[in-house]
There are 2 protein chains.
Amino acid sequence: MKSSNSLVKIDGIDKKILRYLMEDARRPILEIARNIGISGAAIHQRLRKLEASGLLSGSKFVINPKALGYTTMAYIGIFLDKAMSNPRAVAALEKIPEVLECHYTTGNWSILIKVLCQDNEHLMQVLNKKIQQIEGVSRTETFISLDQQIDRQIRI
Amino acid sequence: MKSSNSLVKIDGIDKKILRYLMEDARRPILEIARNIGISGAAIHQRLRKLEASGLLSGSKFVINPKALGYTTMAYIGIFLDKAMSNPRAVAALEKIPEVLECHYTTGNWSILIKVLCQDNEHLMQVLNKKIQQIEGVSRTETFISLDQQIDRQIRI
DNA sequence: CCTGAAACTAGACAGAT
DNA sequence: ATCTGTCTAGTTTCAGG
């Protein structure tokens with residue numbers, strides 16, 4: 001994988017291929033090939049090149065957590081004691097499966113995390129029995145997402 | 001698609017299949033089939049069932065935005081005037097490609113969004129010339145993510 | 001809920017432009 | 001450097017247990 005601070009150049013064909021596959025990673029390559037007007041093999045070669053360049057970092061099946069009863073999403077801003085290092089806090093947060101994202105942020109907090117819980121009671125337990133129990137966490141601020149209204153990737 | 005408030009039941013085989021494909025949506029089904037010990041056709045039938053149940057909401061190619069020069073990620077809390085309705089604000093935000101997520105939140109702000117920009121100057125322009133220009137946006141608070149240290153889906 | 005067969009597609013290679 | 005044709009292995013559907 002190429003160093004990711006060298007910018008990758010992509011042409012119109014690459015963009016078309018990526019737009020198809022960003023929507024549906026299992027879309028048949030030959031179907032894309034027919035739409036674009038090149039052979040399937042050419043698409044495979046371009047995809048290999050894009051992967052080698054570091055632009056393509058993989059593919060994922062997307063799960064709908066609501067179908068499993070996970071309906072409460074929240075952002076939590078975390079204040080850390082001066083003595084607590086960020087890497088140690090992240091290591092502790094990684095062990096909590098409800099934590100889906102963790103950002104090292106400027107501004108009010110040391111850390112901003114996104115958590116996904118079954119309901120408010122579950123969220124309360126994650127806060128009180130998991131997050132607040134981490135050594136060095138002094139205070140938290142919670143923002144419940146009543147509805148996620150936009151969720152997308154960068155536009156190509 | 002089934003109503004998503006009825007909980008989906010999945011067994012151990014479904015979980016194994018999902019864990020493989022959540023990591024890599026293009027992983028060969030037959031490879032998974034051999035690892036689990038059932039036929040490829042059986043996996044396809046299970047996947048169709050999971051999709052019909054609403055648990056599987058699709059698959060995506062994942063792009064590394066840094067390779068395209070997008071290195072500045074930030075969360076922005078937005079205060080809306082009483083007169084501004086949430087849906088109209090979301091409609092305006094949808095037109096801004098740098099906005100990747102939008103959450104209707106409890107707490108301080110009316111809306112919390114995630115934006116991805118090339119650099120700090122680009123972020124400043126998005127803030128001043130796009131977000132703040134939206135009618136009904138009274139004030140914003142910006143938190144730059146210096147580093148996203150965790151990024152994952154729900155654990156199955 | 002599973003398997004096996006049939007038709008189609010993915011992914012890799014050699015070779016042409 | 002990027003394309004095409006071809007070949008093996010994988011995907012996906014369907015009839016049937």
Side-chain angles (χ1 to χ4, degrees), chain A residues 1-64 67-69 153-154 156, chain B residues 1-4 6-64 66-69 153-154 156:
Chain A
M1 182 147 94
K2 224 161 86 182
S3 149
S4 52
N5 35 17
S6 71
L7 260 59
V8 177
K9 296 215 174 179
I10 57 176
D11 63 11
I13 296 178
D14 290 326
K15 286 184 189 175
K16 282 184 187 173
I17 297 169
L18 289 173
R19 279 198 272 251
Y20 279 112
L21 292 171
M22 284 170 75
E23 253 181 41
D24 178 1
R26 287 194 87 94
R27 188 140 188 188
I29 303 290
L30 285 184
E31 189 185 318
I32 302 171
R34 281 189 294 265
N35 285 333
I36 297 183
I38 57 175
S39 70
I43 296 197
H44 278 281
Q45 288 163 3
R46 282 171 175 270
L47 286 174
R48 266 204 304 274
K49 201 190 61 179
L50 289 171
E51 192 161 17
S53 77
L55 174 57
L56 259 179
S57 49
S59 61
K60 287 192 166 71
F61 255 56
V62 183
I63 296 296
N64 171 18
L68 291 173
Q153 288 196 73
I154 190 178
I156 301 270
Chain B
M1 181 146 95
K2 225 161 87 181
S3 148
S4 52
S6 70
L7 261 59
V8 177
K9 298 215 172 176
I10 56 177
D11 64 11
I13 296 178
D14 290 326
K15 285 184 189 174
K16 281 184 187 172
I17 297 170
L18 289 173
R19 280 197 274 252
Y20 279 113
L21 292 171
M22 283 170 76
E23 254 181 41
D24 179 1
R26 289 193 84 96
R27 188 141 189 187
I29 302 290
L30 286 183
E31 190 185 318
I32 302 171
R34 281 188 296 265
N35 285 336
I36 297 182
I38 57 175
S39 69
I43 296 196
H44 277 279
Q45 286 166 2
R46 282 171 174 271
L47 286 174
R48 267 202 302 274
K49 199 190 63 179
L50 288 170
E51 192 162 15
S53 77
L55 174 56
L56 258 179
S57 47
S59 62
K60 290 191 165 68
F61 254 54
V62 184
I63 296 296
N64 171 17
K66 287 183 187 164
L68 291 174
Q153 289 195 71
I154 191 178
I156 301 270

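Throughout, protein chains are lettered first and strands after them, A, B, ... in sequence-line order, and every chain is numbered starting at 1. Values in this document were obtained by computation on a predicted structure and should not be read as measured data. FYI, side chains are in, hydrogens and waters are out, and symmetry mates aren't considered; it's all heavy atoms of this structure.
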**Request:** If a pair satisfies salt bridge (Lys or Arg N to Asp or Glu O under 4.0 Å) and one of its residues is in residues 19-40 of chain A, list it, with sequence neighbours excluded.
**Result:** A:Arg27-A:Glu31
**Message:** Nearest 0.5 Å, please: how far is OG in A:Ser57 from NZ in B:Lys66?
**Reply:** 10.5 Å
**Prompt:** Over how many whole Å does the gap from B:Ile36 atom CD1 to C:dT3 atom C1' extend?
**Reply:** 16 Å
Give each protein N/O atom lying under 3.5 Å from an N/O atom of nucleotides 8-14 of chain C, with the pair distance.
residue	atom	partner	partner atom	Å
C:dA10	OP1	A:Ile29	N	2.3
C:dA10	OP2	A:Ile29	N	3.3
C:dA10	OP2	A:Leu30	N	2.7
C:dA12	OP2	A:Arg48	NH1	2.9

**Request:** Over all heavy atoms of both residues, which pair between A:Lys16 and A:Ile36 is shortest? Give the atoms and the distance, please.
**Result:** CB-CD1, 3.9 Å
**Fill in**
Nt span of DNA chain D in reach of chain A heavy atoms at under 4.0 Å, 5' end first, is D:dT2 to D:dT12
**Message:** Run the side chain to side chain contact (heavy atoms under 4.5 Å, CB included) test on B:Ile29 and B:Leu47 for me, step by step, so that the C-alpha distance in whole Å, both residues' side-chain angles and the decisive distance to 0.1 Å come before the verdict.
**Reply:** CA-CA 10 Å; B:Ile29 302 290; B:Leu47 286 174; 4.1 Å; yes
**Item:** A:Leu18 vs A:Leu55, side chain to side chain contact (heavy atoms under 4.5 Å, CB included): CA-CA, chis, key distance, verdict
**Value:** CA-CA 10 Å; A:Leu18 289 173; A:Leu55 174 57; 4.0 Å; yes
**Item:** Side chains of B:Ile10 and B:Ile156 in contact at under 4.5 Å (non-hydrogen atoms)
**Value:** yes
**Item:** Verdict with supporting geometry, A:Leu56 and B:Val62, side chain to side chain contact (heavy atoms under 4.5 Å, CB included)
**Value:** CA-CA 6 Å; A:Leu56 259 179; B:Val62 184; over 6 Å; no
**Message:** Can you tell me how far apart CG (B:Asp11) and CZ (B:Arg46) are? Round to the nearest 0.5 Å.
**Reply:** 4.0 Å
